[in-house]
Amino acid sequence: MNYRFPKEEKLKSKKCIELLFSEGSSVSKFPLKLIYTATSLPKDVPVQAGVSVTKRRFKKAVTRNRIKRLMREAYRLHKNDVFNTISTSYAFMFLYIGKQEPTFEEIEKSMIRLLQKFLERTATENTPLK
RNA sequence: CAAGCAGGCUACCUUAUCGCUGCUUCUUUCGAGAAGGAGAGGAAAGUCCGGACACCAUAGUGCAUUGUAGCGGAUAACAUCCGUCCGUCGUGAGACGAGGACAAGUGCAGCAGAAAGAAUGUACAGGUAAUGCUGUAGUGAAAUCAGGUAAACUCUACGAGGUGCAAUGCCAUGUAUAUGAACGCUUAAGAGCGGCACGCUCAAUGUUCAAGGGUAGGCAGAUAAAAGUUACUGGUAACGGUAAUUUUAGAUAAAUGAUAAGGCUUAGACAGGAUUCGGCUUAUGGCCUGCUUUUUUA
C-alpha cells in the first residue's frame, strides 16, 4: 500500500491544467468537485492531481491553505482505490465548492464518496467501447 | 483597589503513527531507497514611504510637475528614528502638531461699519475757487497707515528620470521571419522617451553574412545579509566602533498537515513567505515592568 504523495503525482504542467478545464468531465459530491480527463502524463504515474480553492469564496490565504491541505490529505489516504482500478492515466483537479471552512471528517467522507462516483462513472463510459 | 499613560516580552506544549519541501552522508538494480538534521510572521498583511539590485544612456541640461519643511543629530536612505525649543490638549503620567516666508507679486475674508482698496461717506471742527482736502468722533483685531491668511496661488531651501525579479542573463527544443552585424541610402518623418524642449543612441527599402523570435520547459537571479547573539567601548539618545561566535525557509498550481491520547489560564487570537532590506499603517490573544490620578488603610 502506498500512502505517499510525492512530487511526481502533483499536477504541475500549465498545459495539462488548461486542457483539464476546457475538455475535462466532472463529478461532484458536496462540498467537493472533481474535474478529470484521460490524458498522457509527462511522468510515469497513474494519476496527477491538483487542488484548488477559489479566492472569491475564501479571502484569507490561511483559510485557503488549510482547505487545500485537508483535501490533499484526504486524497493521499484514499487514492489507492483509484490506482488499483483504472487502466489509463488521468489528470485530476479537486475544487472546493462549499462556503464554510470544513473539518477533516467532512472532507474525508466526501472524498471517499467522490472517488467511488468517479470509478462508477468511468466504468460505465468504458463499457460500450469494449 | 479602580481608572488611565508609556514601554517591553511572547505567540500552546508533549508523545505516537502516516505524510510534505530543501540540505548532508551512505547505498543503488540509476527507477529510487535509508539515515541525520532543517523548514513561515510579529505583523509574512496593506503596498503607504525609503534603499539595494536589474534593464533602459554609469540617466545628462532647462522648464513643467511633484515631495519634504522649527533647530540639531542618526542612517545606505527616508515622510523613519533620537534629542531639544515653541504651540495646543489633559488634574496628571503624557499625547498631538503640513510648526520656513505675507520683508516680491496675485488672491481671499463672517459680523459690525459709509468704506476692508479702486469705491464711497455720517456728525462736529478746520481749510479751499471747488472737492473727504485735513483732524476728531463712530465700527472693528485692523481704516490709503497697515494688519490677517501660504492643508490660497506663490516665494525660499533641499530632494525626486522611468519600469519592476512575470526585471534581467543563459541553455535545450524548433519553425520560418517580426532578430543581429557590416555595407549602402536618407538627414525629413519616426523609435528608445515617459509632460515639453535640448541632447544622446538607433534608423525605412536594398545587398551580404550570421543566428534568432513566439509558445511551453530547465538553470541562474535566489537566499550570508546595511544579518543575529555575547562582551567591551564612544554617545543624553537614535546609533556607531572593536573582538569573539552562529548559519537561520528557499517553494514555483507553490512545502508545516492529519489522526489519537494527555496537560495548561479550557478550545490558543490576528493571521501564510515569493527578489531582498529599513520604516510606517492596520488586525490581534496572553504576560510583565515603570509611572499618574482619586479613594481607603497604615
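Chain letters run A, B, ... following the sequence lines, proteins first and then strands; every chain starts at 1. Because the structure is predicted, anything quoted here is derived from the model rather than measured.
Here B/A114 is in the anti range [glycosidic angle more than 90° from 0]. In textbook terms, a nucleotide whose glycosidic angle is within 90° of 0 is syn, and B/G22 is one such case. B/G42 adopts a syn glycosidic conformation, its chi angle falling within 90° of 0. Anti is the classification of B/G250, since its glycosidic angle lies more than 90° from 0. Regarding the sugar-base torsion, B/U136 falls in the anti class, its angle being beyond 90° of 0.
Rounded to whole Å, atom C1' of B/C20 lies 15 Å from atom CZ of A/R66. Separating the CD atom of A/E73 from the C1' atom of B/A255 is a distance of 14 Å, rounded to the nearest angstrom. Computed from coordinates, the A/I67 CD1 to B/A258 P distance equals 12 Å when rounded to whole Å. In this structure, A/K68 atom NZ and B/G272 atom P are separated by 13 Å, rounded to whole Å. What separates CD of A/E108 from C1' of B/A258 is a distance of 9 Å, to the nearest Å. Regarding A/R72, its CZ atom lies at a distance of 11 Å from the P atom of B/C20, rounded to whole Å. Summarising the geometry, the separation between CG on A/L70 and C1' on B/A255 is reported as 15 Å, rounded to the nearest angstrom. Across the protein-nucleic acid pair, A/N65 atom CG and B/A271 atom P stand 14 Å apart, rounded to whole Å.
Remark: the separation of the C1' atoms in B/C48 and B/C78 is 13 Å, to the nearest Å. Look at the C1' atom in both B/U284 and B/C270: the space between them is 4 Å, to the nearest Å. When the P atom is compared between B/C56 and B/A258, the two are found 49 Å apart, to the nearest whole Å. For the C1' atoms, the distance from B/A160 to B/U61 is 16 Å, rounded to whole Å. For the C1' atom pair drawn from B/C108 and B/C153, the interatomic distance equals 11 Å after rounding to whole Å. B/G110 and B/U80 are spaced 42 Å apart, taking the C1' atom of each and rounding to whole Å. Comparing the same atom, P, in B/G22 and in B/A251 gives a spacing of 7 Å after rounding to whole Å. The gap from the C1' atom of B/A54 to that of B/A220 amounts to 14 Å, rounded to the nearest Å.
With a 3.5 Å ceiling on both atom-pair distances, B/A267 lacks any Watson-Crick or G-U wobble partner. Applying the Watson-Crick and G-U wobble criteria (two distances, each under 3.5 Å), B/G195 pairs with B/C63. In this entry B/G273 has no Watson-Crick or G-U wobble partner, no candidate having both defining distances under 3.5 Å. Judged by Watson-Crick or G-U wobble contacts below 3.5 Å, the nucleotide B/A225 has no partner. Pair assignment for B/U284 gives none, since no Watson-Crick or G-U wobble pairing has each distance under 3.5 Å. Nucleotide B/G117 is matched to nothing when pairs are restricted to Watson-Crick or G-U wobble geometry with both distances under 3.5 angstrom. In a base pair of the Watson-Crick type (N1 to N3 plus N6-O4 or O6-N4) or a G-U wobble (N1-O2 and O6-N3), with each distance short of 3.5 Å, B/A220 is matched with B/U168. Nucleotide B/U17 is matched to B/A258 when pairs are restricted to Watson-Crick or G-U wobble geometry with both distances under 3.5 angstrom.
Residues A/L114 and A/F94 are in side-chain contact: their nearest non-hydrogen atoms beyond the backbone lie under 4.5 Å apart. In this structure, the side chains of A/M111 and A/Y75 come closer than 4.5 Å at one or more pairs of heavy atoms.
In terms of polar N and O atoms assigned as donor or acceptor, the side chain of A/R69 never comes within less than 3.5 Å of the base of B/G19 in a complementary pairing.
We find the CE-OG distance between A/M71 and A/S110 to be 10.0 Å, quoted to the nearest 0.5 Å. How far CE of A/M93 is from CG of A/L34: 10.0 Å, rounded to the nearest 0.5 Å.
By the criterion of side-chain heavy atoms lying less than 4.5 angstrom apart, applied directly or through intervening Ile, Leu, Val, Met, Phe, Trp or Tyr residues, A/I67 is not grouped with A/I112; the two fall into different hydrophobic clusters.
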